[in-house]
Number of protein chains: 2
Amino acid sequence: MLLSKSCVYGLRASIYLASKSDEEFNSIKEMSDKLEISFHFLTKILQQLTAESLMESYKGPKGGIRLTKKGREATLLDMVIAIDGPELFTQCALGLPGCGSATPCPLHESWIETRASIQGMLERTTLSELAREGKQNKFRLMADGSFNWD
Amino acid sequence: MLLSKSCVYGLRASIYLASKSDEEFNSIKEMSDKLEISFHFLTKILQQLTAESLMESYKGPKGGIRLTKKGREATLLDMVIAIDGPELFTQCALGLPGCGSATPCPLHESWIETRASIQGMLERTTLSELAREGKQNKFRLMADGSFNWD
DNA sequence: TCTATTTAAGAGTTTATTGTCTTAAATATA
DNA sequence: TATATTTAAGACAATAAACTCTTAAATAGA
């Protein structure tokens, strides 16, 4: 798989939160239920994103989590790098440390292009814009397509 | 990572074998030494490729492994699918089973293109042709670049 | 101040991937 | 036929990823 499961969970949660009000803290439990992701597992992933100031959380009753301004203006690429790390966008396709334009591996040239395509897909829009598109097109965010964008 | 370690080992071994004579069986031990891949681990990966008739092996002294005709005419894509399976080229980027053009996830449209780019990179040339390019350009096949194409 | 609620943190479990080691089967050659 | 060599197969171990469970810390509201 291109992205780890943790990463995919983080992206789906990011898009979920982007579809919500900027000010309100959203219950993680409610989100994990709606997205059908293990609650405790999801909290750990979200903590990686709050560590990067892409999200902020609040404890106690009425507590929850929301995107920061930085997070709303960030792209999925920022989320991916925060969770899976930058390796996908820096490493050789064959994992050869010395690979570069000087002494490339057989895939090097194509991989530069393909990698740019992956990167482009992830940084095409900000999360705010993605949420707008999502509401408009009612994009799928769950296996069974039951997510409600309103 | 885009490809599993097993898969990357399989690709490097495939390119290695493509650079060798069509008839001779090549020692797996020698190949694992030259590519710096664990011998026993590599044999298991190669067995997946022989199961698909992309390679054929021979036991005993003078034994070893070589690409079949099918293998030489195959592309890296065939090797990837034999080892990592076809999921990368069939699944949704967010792993959502129901995702499709009818009710796409937010990445669906871009992912179709990006996936085609990955696939294109892997099926651009046959292994025979790749070996020819490799000899010509002395492509990197090892971390330290010490592979000898002759 | 006390209690209930919610996220944070950390330990522990399960599963998949990666890697090692031993034995079996095939076969060339002495 | 006996031996050495090489791949096949399977058990086992280490590591990483994915997931669960328990306790701690913060805080709203009674």
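Order of the sequence lines sets the chain letters (A, B, ...), proteins ahead of strands, with each chain counted from 1.
Taking side-chain N and O atoms only, A/S57 has a distance below 4.0 Å to OP1 or OP2 of C/dA8. Phosphate contact (OP1/OP2 of D/dC19, side-chain N/O of A/Y9, threshold under 4.0 Å): present. Distances shorter than 4.0 Å separate none of the side-chain N or O atoms of A/S27 from OP1 or OP2 on C/dT6. OP1 or OP2 of C/dG19 lies within a sub-4.0 Å distance of a side-chain N or O belonging to B/K5. Phosphate contact (OP1/OP2 of D/dT20, side-chain N/O of A/S38, threshold under 4.0 Å): present.
Ring geometry, B/F147 versus B/Y16: the interplanar angle falls from 30° to 60°, so the pair is classed tilted.
Listed candidates were C/dA9, D/dT27, D/dC19. Nearest to the side chain of A/P61 is D/dT27. Distances were taken from every side-chain heavy atom of A/H40 (C-beta onward) to each of D/dA18, C/dT18, C/dA9; the shortest belongs to C/dA9. Of the candidate nucleotides D/dA18, C/dA8, D/dA11, D/dA11 has the atom nearest to the side chain of B/K44. You'll find that the side chain of B/I28 is closest to D/dT7, out of C/dA8, D/dT7, C/dT29.
Here B/E30 does not pair with B/K20 in a salt bridge; the nearest charged N to carboxylate O distance is not below 4.0 Å. A salt bridge links B/R124 to B/E133: at least one charged side-chain nitrogen sits closer than 4.0 Å to a carboxylate oxygen.
Between B/I45 atom CD1 and C/dT20 atom C1' there is a gap of 14 Å when expressed in whole angstrom units. Between B/L42 atom CG and C/dT20 atom P the separation is 12 Å, expressed in whole Å. The interatomic distance linking B/K29 (NZ) with D/dT7 (C1') rounds to 13 Å, in whole Å. Following rounding to the nearest Å, A/K59 (NZ) and D/dT27 (C1') show an atom-to-atom distance of 10 Å. At whole-Å resolution of the value, OH in B/Y58 and C1' in D/dT5 are 13 Å apart. Taking atom CE on B/M31 and atom P on D/dT6, their separation rounds to 14 Å, with Å as the unit. One atom, CD1 of B/I83, and another, P of C/dA16, lie 19 Å apart when rounded to the nearest Å. We find that CG of A/L3 is positioned 11 Å from P of D/dA18, with the value rounded to whole Å.
Counting non-hydrogen atoms under 4.0 angstrom, A/F25 reaches nothing in the nucleic acid.
With a 4.5 Å cut-off on side-chain heavy atoms, B/M31 and B/L42 count as touching.
In this structure, A/S4 and B/K62 both approach DNA chain D, and ranking their closest nucleotides by distance from the 5' end singles out B/K62. For the pair A/G60 and B/Q47, both in contact range of DNA chain D, the more 5′-proximal nearest nucleotide belongs to B/Q47.
Listed here is the closest heavy atom pair of A/A93 and A/L107: CB-CD1, 4.1 Å.
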